[in-house]
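Since this is a predicted model, take the numbers as computed values, not measurements.
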Amino acid sequence: MGTDRDFGRYLNARVLSVTGAVVSAVALPVLVYQLTGSAGWTSAVTAAEALPYLVFGLLAGALADRLDRRRLMVAMDFAVAAVLLSVPLAWLFGGLTAPHVVVVAFTTQTAFVFFDAANFGALPTLVGKEKITAAYSTLFGRTTVVELVVPGLTGLLVAIVAPAALLAVNALTAVGSALLLRAITSSLSTPRPVRGAGELAQDVKEGLRFLWREPVIRILTLVGATHSVASGAWMAVLVPFADKVLGVAPKGDARLAVLFSCWGVGAVVASRLFPKVTQRWGNAKVSLAALPLSLLCGVLVLVSGHWIVLCATATLWGVTGAIVVINGITYRQQVCPEELQSRVNTTARMVAWGLGQPLGAGLAGVLSVAAGDPRAGLAGGLAVLLIGVVAAWVSPVLRRQKYRSQT
């Protein structure tokens, strides 16, 4: 019973945390675009949000396998709340600038990296490996609903409320998450002393060694990085794309709320499809099918010239993209030893998302500014995804592997 109550607290904390993160993910690019009118600055925010995983991912994973995970997550939640409050305060006093927004994006995501590293190991420890599939499915289902509903509501709110003020919502949800996590009485870790940089370096090497020696995890991570490049490019140009291509203004246009909801709708569909398709065909075949379908959907988004058409194509892209992401995460958690959970999963996300997302955002920003058209930025991201599709299909690991998801 105590474990059930603690899982409930953990689940509610994650829902609160994801709610706040989604609000920021919508509000920050809209805010910086309103301040500058520049696709370059908008891309800089997206890159700043993803870059910390690349910079701090290895260290965060090693520390999270040694420190008290619950305390680490609580501390990071409070840090996020403090940093985010600086934006509405600066806005109230008329001193908010685009560089300030970029710094806040980088700082809050740095805290998230350490939180996420602890979180990767906390859930399997809390519920046990035999229940991880059911627990993760419940968690993904709840957070997917958040990702479906909250982007649209936030997009609607930014049409009538200053996006800087909305960041106070994320600060409040971070505090709520911290208080819920503090109330958990079950152990989320087995802390070990950190005796120096040498031990941490050895921990990092151990996680990297496991990631590299598992051929399926290795190829899923590498091709996942190319998928993250494409999704990073799309997130970077979504607001200017809506403005310049679709005629959807970044302020006062409720259609922006609908555009921000498309990926959430796709993720809900993916969460229902994924267990069935992997049970039938296995993770390798799912990867081989989902990656080219994701590329196709991205191309359809690129050529969409009407906002309604783009909603349909972006939703389909959300389905295929979410399947690619869930596929990599769930397989890693199933095969990774408990004592390596934080290191391996954080390192894999660092490579796939931490490298791919800022690279895609930066590439999109440069190409969009150079061409004067946000479609050029998205096209660049899709070109990198094409490389990933080819790599997946020529890989003997995926074509010959007969593994299936554990259920």
When you measure from the side chain of Thr36 to the backbone N and O of Ser38, does any donor-acceptor pair fall under 3.5 Å? yes
Check step by step if side-chain contact (heavy atoms from CB on, under 4.5 Å) holds for Phe210 and Ile217. CA-CA 9 Å; Phe210 180 88; Ile217 294 180; 4.0 Å; yes
Taking side chain as C-beta onward, heavy atoms only, is [X] less than 4.5 Å from [Y]?
{"X": "Pro52", "Y": "Phe106", "answer": "yes"}
{"X": "Thr320", "Y": "Val324", "answer": "no"}
{"X": "Val102", "Y": "Trp41", "answer": "yes"}
{"X": "Phe115", "Y": "Val74", "answer": "no"}
{"X": "Val229", "Y": "Gln357", "answer": "no"}

Between Ser186 and Arg5, a side-chain donor and acceptor under 3.5 Å: no
Could you go through Leu382 and Trp234, starting from their C-alpha distance and side-chain angles, then the distance that decides it, and tell me whether this counts as side-chain contact (heavy atoms from CB on, under 4.5 Å)? CA-CA 9 Å; Leu382 292 173; Trp234 173 234; over 6 Å; no
Minimum heavy-atom distance between [X] and [Y], given as atom pair plus value:
{"X": "Ala183", "Y": "Arg9", "value": "O-NH1, 3.5 Å"}
{"X": "Ala314", "Y": "Cys262", "value": "CB-CB, 3.8 Å"}
{"X": "Gly207", "Y": "Val344", "value": "O-CG2, 4.0 Å"}
{"X": "Ala98", "Y": "Val32", "value": "CB-CG2, 3.8 Å"}
{"X": "Gly176", "Y": "Leu16", "value": "C-CD1, 3.8 Å"}
{"X": "Val80", "Y": "Ala174", "value": "CG1-CB, 4.2 Å"}

Out of curiosity, [X] [atom1] to [Y] [atom2], how far, rounded to the nearest 0.5 Å?
{"X": "Leu363", "Y": "Ser368", "atom1": "CG", "atom2": "OG", "value": "8.5 Å"}
{"X": "Leu35", "Y": "Leu96", "atom1": "CG", "atom2": "CG", "value": "5.5 Å"}
{"X": "Leu63", "Y": "Asp65", "atom1": "CG", "atom2": "CG", "value": "9.5 Å"}
{"X": "Leu84", "Y": "Leu166", "atom1": "CG", "atom2": "CG", "value": "12.0 Å"}
{"X": "Met76", "Y": "Thr108", "atom1": "CE", "atom2": "OG1", "value": "12.0 Å"}
{"X": "Ile184", "Y": "Leu180", "atom1": "CD1", "atom2": "CG", "value": "8.0 Å"}

When the side chains of residues 235-246 are checked against the rest of the protein, which donor-acceptor pairs come out under 3.5 Å, sequence neighbours left out?
from	atom 1	to	atom 2	distance (Å)
Asp243	OD2	Tyr33	OH	2.9

With sequence neighbours left out, what residues match Asp203 under side chain to side chain donor-acceptor pair (under 3.5 Å)? Arg66
Under the side chain to side chain donor-acceptor pair (under 3.5 Å) test, residues paired with Gln34 that sit two or more places apart: none
Tell me the side chain to side chain donor-acceptor pair (under 3.5 Å) pairs involving [range], sequence neighbours left out?
{"range": "residues 80-105", "result": "Ser86-His100"}
{"range": "residues 109-122", "result": "Tyr10-Asn119, Tyr53-Asp116, Asp116-Arg349"}
{"range": "residues 70-79", "result": "Asp77-Ser177"}

How far apart are the C-alpha atoms of Val103 and Thr107, what are their side-chain angles, what is the distance that settles it, and do they pass the side-chain contact (heavy atoms from CB on, under 4.5 Å) test? CA-CA 6 Å; Val103 170; Thr107 305; 3.9 Å; yes
Ignoring hydrogens and angles, write down the donor-acceptor pairs under 3.5 Å from the side chains of residues 19-26, residues two or more places apart or on other chains.
from	atom 1	to	atom 2	distance (Å)
Thr19	OG1	Val15	O	2.7
Ser24	OG	Asn170	ND2	2.4

Sequence neighbours left out, cut at 3.5 Å: what donor-acceptor pairs do the side chains of residues 291-302 make with other protein atoms?
from	atom 1	to	atom 2	distance (Å)
Ser294	OG	His227	NE2	3.0
Ser294	OG	Trp317	NE1	2.9

Residues passing the side chain to side chain contact (heavy atoms under 4.5 Å, CB included) test with Leu208, sequence neighbours excluded, are Leu58, Val204, Thr347
With Ala105, which residues qualify under side chain to side chain contact (heavy atoms under 4.5 Å, CB included), at least two apart? Leu28, Val45, Ala48, Glu49
For Arg255, all residues meeting salt bridge (charged side-chain N to carboxylate O under 4.0 Å, His left out), sequence neighbours excluded: Asp253
Give me each pair satisfying salt bridge (Lys or Arg N to Asp or Glu O under 4.0 Å) with a member in residues 373-386, each pair once, sequence neighbours excluded. Asp373-Arg375
